[in-house]
Amino acid sequence: MRYVGVIPKDLATGILWPQIESLVKRAMPYGRGEFTLDDIKDGIATGGMFALGVVVDSVVQFVVTASLVEYPRKRVLYVQYGAGRGGAEAFDALKHAAQTLKADWIETRCRASVARLYRRIGFYTAYQVAILETPT
């Protein structure tokens, strides 16, 4: 059986979590420590985040984690992490999730190499992310 779409949260945080965790763990070094794996699992469990992916015969081949960000005038589907094979196949499901959530656009922060992959499926680069770390 092949499934492409939002993974029900009971499966994403239950039986499929070890596979999702393994994939997301591969992407986390490219982030900036915004989330831990526990944060992601808890976010999915409470409905503040969701996992969307490609699952074939109970094997998670590709997954993204995402959440809806609400600004005063816009709603944005923000993708935090993605990993695995088959991301282009999941693109239509991601667009459908954004439409269902009435998001104005889908957004992510990623490496230049990943941005090239996103551009191949219709994304464009709207701005650069400039970071200045502050002392703690």
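Here the structure is a predicted model, which means the values were calculated and not measured.
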Is it the case that R85 places NZ or CZ above or below the six-membered ring of F62, under 6.0 angstrom from the centre and within 45 degrees of the axis? no
Separation between OH (Y30) and OH (Y81), nearest 0.5 Å, reads 12.5 Å
Correct closest heavy-atom pair for G5 and A93 would be CA-CB, 3.7 Å
Do E21 and V24 come close enough that some side-chain heavy atom pair is under 4.5 Å? no
Are the side chain of E89 and the backbone of G87 linked by a donor-acceptor contact shorter than 3.5 Å? no
The reported gap from CG in L77 to CD in Q99 (rounded to nearest 0.5 angstrom) is 11.0 Å
In short, D39 meets E34 closest at the heavy-atom pair OD2-O, 4.3 Å
query: Can you get from I40 to Y78 by hopping between Ile, Leu, Val, Met, Phe, Trp and Tyr side chains that sit under 4.5 Å apart?
result: no
- Task: Taking the side chain as every heavy atom from C-beta outward, state whether R2 and V55 have any pair of such atoms under 4.5 Å apart.
- Result: no
*Heavy-atom check, side chain of F50 versus side chain of I44, under 4.5 Å*: no
Exercise. Could you tell me whether the side chain of D104 and the main chain of K74 form a donor-acceptor pair under 3.5 Å?
Key: no
Mind checking whether I15 and V59 sit in one hydrophobic cluster, side chains of I, L, V, M, F, W, Y counted as touching below 4.5 Å?
-> no
Separation between OG1 (T65) and CE (M49), nearest 0.5 Å, reads 4.0 Å
- request: Evaluate side chain to side chain contact (heavy atoms under 4.5 Å, CB included) for I131 paired with R32, printing each intermediate quantity in order.
  value: CA-CA 10 Å; I131 296 172; R32 299 196 44 84; 3.2 Å; yes
message: Assess the residue pair K41 and D38 against the criterion (salt bridge (Lys or Arg N to Asp or Glu O under 4.0 Å)); give the C-alpha distance rounded to whole Å, side-chain angles, the decisive distance to 0.1 Å, and a yes or no.
response: CA-CA 5 Å; K41 186 176 183 183; D38 287 337; over 6 Å; no
Looking only at heavy atoms, the pair that brings S67 and Q80 closest together is OG-NE2, 2.8 Å
Tell me whether the rings of F91 and F123 are parallel (<30°), tilted (30 to 60°) or perpendicular (>60°).
tilted
Are L52 and V114 connected into the same hydrophobic cluster when the rule is that any two of I, L, V, M, F, W, Y join if their side-chain heavy atoms are below 4.5 Å apart?
yes
L23 and G84 have their tightest heavy-atom pair at CD2-CA, 3.9 Å
In terms of heavy-atom contacts, I20 and A51 come closest through CD1-CB, 4.3 Å
ask   = Honestly curious: do V76 and V64 fall in one hydrophobic cluster under the side-chain, below-4.5 Å linking rule?
value = no
Contact between E107 and W105 at the side-chain level, heavy atoms closer than 4.5 Å - yes or no? yes
CG of L132 to OG1 of T134, rounded to nearest 0.5 Å, is 7.5 Å
CD1 of I106 to CG of L101, rounded to nearest 0.5 Å, is 10.0 Å
### Query
Is there a path of hydrophobic side-chain contacts, each under 4.5 Å between heavy atoms of I, L, V, M, F, W or Y residues, that connects V6 with L11?
no
For a 4.5 angstrom cut-off between non-hydrogen side-chain atoms, does V54 reach V60? no
- Task: Indicate whether any N or O donor in one side chain lies under 3.5 Å from an N or O acceptor in the other, for Q19 and W17.
- Result: no
Spell out, as yes or no, whether a donor-acceptor pair under 3.5 Å connects the side chain of T100 to the backbone of H96.
-> yes
Value for CE (M1) from CG (D57), rounded to nearest 0.5 Å, stands at 8.5 Å
